[in-house]
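Nothing fancy with the numbering, it's 1 onward along the sequence.
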Amino acid sequence: METIAKLENDLSELERRQEQVLVLAAQNKKSEALAYMEDNQIPVIEAVQTELAQFILPAKATERELMDSLRRTQRNAIILLVSLGAVSVLFAARDGAYIWRLYRERRGKPFGSAQMK
């Protein structure tokens, strides 16, 4: 939280200094505006960039962890789906063979003849 407060403070300071540069530029004092900006604004901009980098680096590490986790989850899901597909093909082949065998046994007999005497 203190980093965020420092960042907000630096950004407000940068805004005040930017207004001073604009005032000098409006008064047609361009060389003074440039010198003021180089002396006062650039160090603050560099400090803001450093503070922002403190947020970016952990975010990149978290991004890598999330991507690795997603890849593992995706790989596991693919393995599960392929396994389920293979099991369903095996069950379908088993059931098809059973039905084919029943058909061959009943092929020459009229329907319901086993029940009639």
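Atom CG of L34 sits about 9.0 Å away from atom CG of D39, to the nearest 0.5 Å. To the nearest 0.5 Å, atom CD1 of residue I99 and atom CZ of residue R94 are 10.0 Å apart. Remark: I4 CD1 to N9 CG distance equals 13.5 Å, nearest 0.5 Å. With rounding to the nearest 0.5 angstrom, the CZ atom of R71 is 4.5 Å from the CE atom of M67. A distance of 10.5 Å separates CZ in F91 from CG in L84, rounded to the nearest 0.5 Å. Separation of atoms OG (S83) and CD1 (I78) is listed at 11.5 Å; rounding is to 0.5 Å.
Scanning both residues, P58 and A53, for their nearest heavy atoms gives CD-O, 4.3 Å. The two atoms that bring R17 and V44 nearest to each other are NH1-CG2, 3.1 Å, heavy atoms only.
Checked against side chain to side chain contact (heavy atoms under 4.5 Å, CB included), E32 has the following partners two or more places apart in sequence or in another chain: L24, K29. Applying the side-chain hydrogen bond (donor to acceptor under 3.5 Å, both in side chains) rule to Q18 yields the partners Q41; only residues at least two apart in sequence or on another chain are considered.
Under the 4.5 Å side-chain heavy-atom criterion for Ile, Leu, Val, Met, Phe, Trp and Tyr, Y36 and V23 are members of distinct hydrophobic clusters.
Annotation: side chain of N28 is in contact with side chain of K30 (closest heavy-atom distance under 4.5 Å).
For R16 and E13, the salt-bridge test passes: some basic side-chain N is under 4.0 Å from an acidic carboxylate O. Look at K6 and D10 and you find a salt bridge, because one of the NZ, NE, NH1 or NH2 atoms lies within 4.0 Å of a carboxylate O, short of that distance.
Atom CD of Q27 sits in a crowded spot, with more than 12 heavy atoms from other residues, nucleotides or ligands closer than 6.0 Å.
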